[in-house]
2 protein chains.
Amino acid sequence: MPAAKTTAKLAASQAVEDYLERILELINTKGYARVVDIAQSLKISQASVTNMVQRLDGEGLLHYEKYRGLVLTTAGEALARNITRRHQLLTDFLKLLGLDDEVIYHDVEGMEHHISPPTLRAIEILTRQLERQPALLAKVCKQTHEN
Amino acid sequence: MPAAKTTAKLAASQAVEDYLERILELINTKGYARVVDIAQSLKISQASVTNMVQRLDGEGLLHYEKYRGLVLTTAGEALARNITRRHQLLTDFLKLLGLDDEVIYHDVEGMEHHISPPTLRAIEILTRQLERQPALLAKVCKQTHEN
DNA sequence: TGCGGAAGTTAGGTTGGGCTAACTTTATTT
DNA sequence: AAATAAAGTTAGCCCAACCTAACTTCCGCA
């Protein structure tokens, strides 16, 4: 069999994607991800985080040791990077349209879980093309803020 | 108090939006929305539909009479039209990018619940502008399907 | 007109993902 | 090193939305 398939993935829930995204972000910014930080970042209770972290360990997305912390597995980090990329590309695209940061953050947080690779790719390419069309973008921004 | 607020809205869940959207669609295409049709359309059981329909009646989004059918209220129809519009505009936008119908349908079904009015507006305006840029669009489509 | 099948409903169960309260473990501070 | 504070965990709960099984109502037709 040529071209082995190494990525399993198999559909992570919205919640799982949110957790992984935040965990990766915490690790990138402070070097580690504590339960208390994840809870604060997602605005949920520590108890809920402990629960989910145990589940994610069971699913092989991170290694978790009671009271000692956690690290992402290769699979977990792959998923986290993937959702982070979706977040970034969507944010870039909406920024181009001159939308408010609050609005962008809110909408992206919802939409990022529902965008498939082909759509993401098309938006990425469109974004790159639009970046070279300042006149067109200016028109869109202006019209958007009219009225 | 000037400028009375007539629209309440108050955040409908994803599920509620999906139900209303399908109900409106059924009414528009066959003139009525039976439990069995809604169930089939959403791929869930009739029992679940009955449950939700009772809830939506309680929330004033439709009038429901046991065994006799249902009609959308003004509020329900407003919500349904709103979500339908989001669906349509997102679909139009993605079609412009040359994406496959299956992909579009799937992604829109997820994203439509998470797009705010400002973002929707910006995308609508962008879509209209892009429609007059066939060369740009061709480039995006081509690059999207490369590789 | 009454009966069988389709449609609709009810009751009760499951699952995911949240919560609080109470407890344990770890870390800090004196 | 003991006390206290902070972090983490457990147990038990709740709610939205789904499900199946069993029952009821409705309707077309012999």
Side-chain angles (χ1 to χ4, degrees), chain A residues 9-23 26-27 29-72 76 79-80 83 109-110 112-114, chain B residues 9-23 26-27 29-72 76 79-80 83 109-110 112-114:
Chain A
K9 212 187 292 189
L10 285 144
S13 75
Q14 203 159 320
V16 166
E17 289 189 340
D18 279 334
Y19 274 92
L20 292 175
E21 185 177 12
R22 299 310 177 98
I23 289 170
L26 285 168
I27 288 175
T29 57
K30 26 193 323 187
Y32 51 85
R34 287 180 311 170
V35 168
V36 68
D37 297 324
I38 301 168
Q40 224 169 295
S41 169
L42 291 172
K43 289 178 180 132
I44 60 184
S45 72
Q46 289 182 216
S48 298
V49 173
T50 296
N51 246 340
M52 179 60 93
V53 159
Q54 288 170 350
R55 183 182 134 191
L56 295 179
D57 179 289
E59 289 178 14
L61 296 172
L62 52 79
H63 289 310
Y64 157 74
E65 228 176 322
K66 249 191 207 179
Y67 299 109
R68 307 263 97 207
L70 58 91
V71 285
L72 292 173
L79 245 172
I83 179 69
E109 207 56 50
E112 61 183 1
H113 305 292
H114 303 280
Chain B
K9 212 189 289 192
L10 284 144
S13 77
Q14 203 159 321
V16 166
E17 290 189 339
D18 279 334
Y19 275 92
L20 292 176
E21 185 177 11
R22 299 309 178 99
I23 288 170
L26 284 169
I27 289 175
T29 58
K30 25 193 326 186
Y32 50 87
R34 286 180 311 170
V35 168
V36 68
D37 297 324
I38 301 168
Q40 223 169 295
S41 170
L42 291 171
K43 290 177 181 133
I44 60 184
S45 72
Q46 288 182 218
S48 298
V49 173
T50 296
N51 247 339
M52 178 60 93
V53 159
Q54 288 170 351
R55 184 181 134 194
L56 294 179
D57 178 289
E59 290 178 14
L61 296 171
L62 51 79
H63 289 310
Y64 158 73
E65 228 175 322
K66 251 193 207 177
Y67 300 109
R68 309 260 96 210
L70 58 92
V71 285
L72 292 173
L79 244 172
I83 179 69
E109 207 56 50
E112 62 183 358
H113 305 291
H114 302 280

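To find a chain, count down the sequence lines: A is the first, B the second, and so on, and within it residues start at 1.
Among all heavy-atom pairs drawn from Leu79(A) and Leu20(A), the shortest one is CB-CD1, 3.8 Å. Annotation for Ala80(B) and Ile83(B): closest pair O-CG2, 3.1 Å, computed over non-hydrogen atoms.
What separates OH of Tyr64(B) from C1' of dA7(C) is a distance of 11 Å, to the nearest Å. Taking atom CD1 on Ile38(A) and atom P on dA7(D), their separation rounds to 13 Å, with Å as the unit. Residue Leu56(B) contributes atom CG, which lies 16 Å from atom C1' of dT9(C) at whole-angstrom precision. Atom-to-atom, OH of Tyr32(B) to P of dC27(D) comes out at 12 Å; the value is rounded to the nearest Å. The separation between Leu70(B) atom CG and dG8(C) atom P is 9 Å, rounded to whole Å. Across the protein-nucleic acid pair, Arg34(B) atom CZ and dC26(D) atom C1' stand 12 Å apart, rounded to whole Å. Whole-Å rounding puts the Asp18(B) CG to dA16(D) C1' distance at 14 Å. We find that CG of Leu42(A) is positioned 15 Å from C1' of dC19(C), with the value rounded to whole Å.
Taken to the nearest 0.5 Å, the CD atom of Gln14(A) stands 4.0 Å off from the NE2 atom of His114(A). Between the CG atom of Leu56(A) and the CG atom of Leu72(A) there is a distance of 9.0 Å, given to the nearest 0.5 Å. Once rounded to the nearest 0.5 Å, the distance linking OH of Tyr32(A) with CG of Leu26(A) reads 9.5 Å. Rounded to the nearest 0.5 angstrom, Ile38(B) CD1 and Thr50(B) OG1 are separated by 9.0 Å. If you take CD on Gln40(B) and CZ on Arg22(B), they are separated by 11.5 Å, rounding to the nearest 0.5 Å. The distance from atom CD of Glu109(B) to atom CG of Asp18(B), rounded to the nearest 0.5 Å, is 5.5 Å.
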Pull out every protein N or O sitting under 3.5 Å from an N or O of nucleotides 22-29 of chain C, one pair per line with the distance.
none

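Of the residues in residues 44-54 of chain A, those lying under 4.0 Å from DNA chain C by heavy-atom distance are Ile44(A), Ser45(A), Ala47(A), Ser48(A).
In terms of phosphate contacts, Tyr19(A) brings a side-chain nitrogen or oxygen within less than 4.0 Å of OP1 or OP2 of dG18(C).
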Please tabulate, for the side chains in residues 42-49 of chain A, all donor-acceptor contacts under 3.5 angstrom to protein atoms that are two or more places apart in sequence or on a different chain.
{"residue": "Ser45(A)", "atom": "OG", "partner": "Ser48(A)", "partner atom": "N", "Å": "3.2"}
{"residue": "Ser45(A)", "atom": "OG", "partner": "Ser48(A)", "partner atom": "OG", "Å": "3.0"}

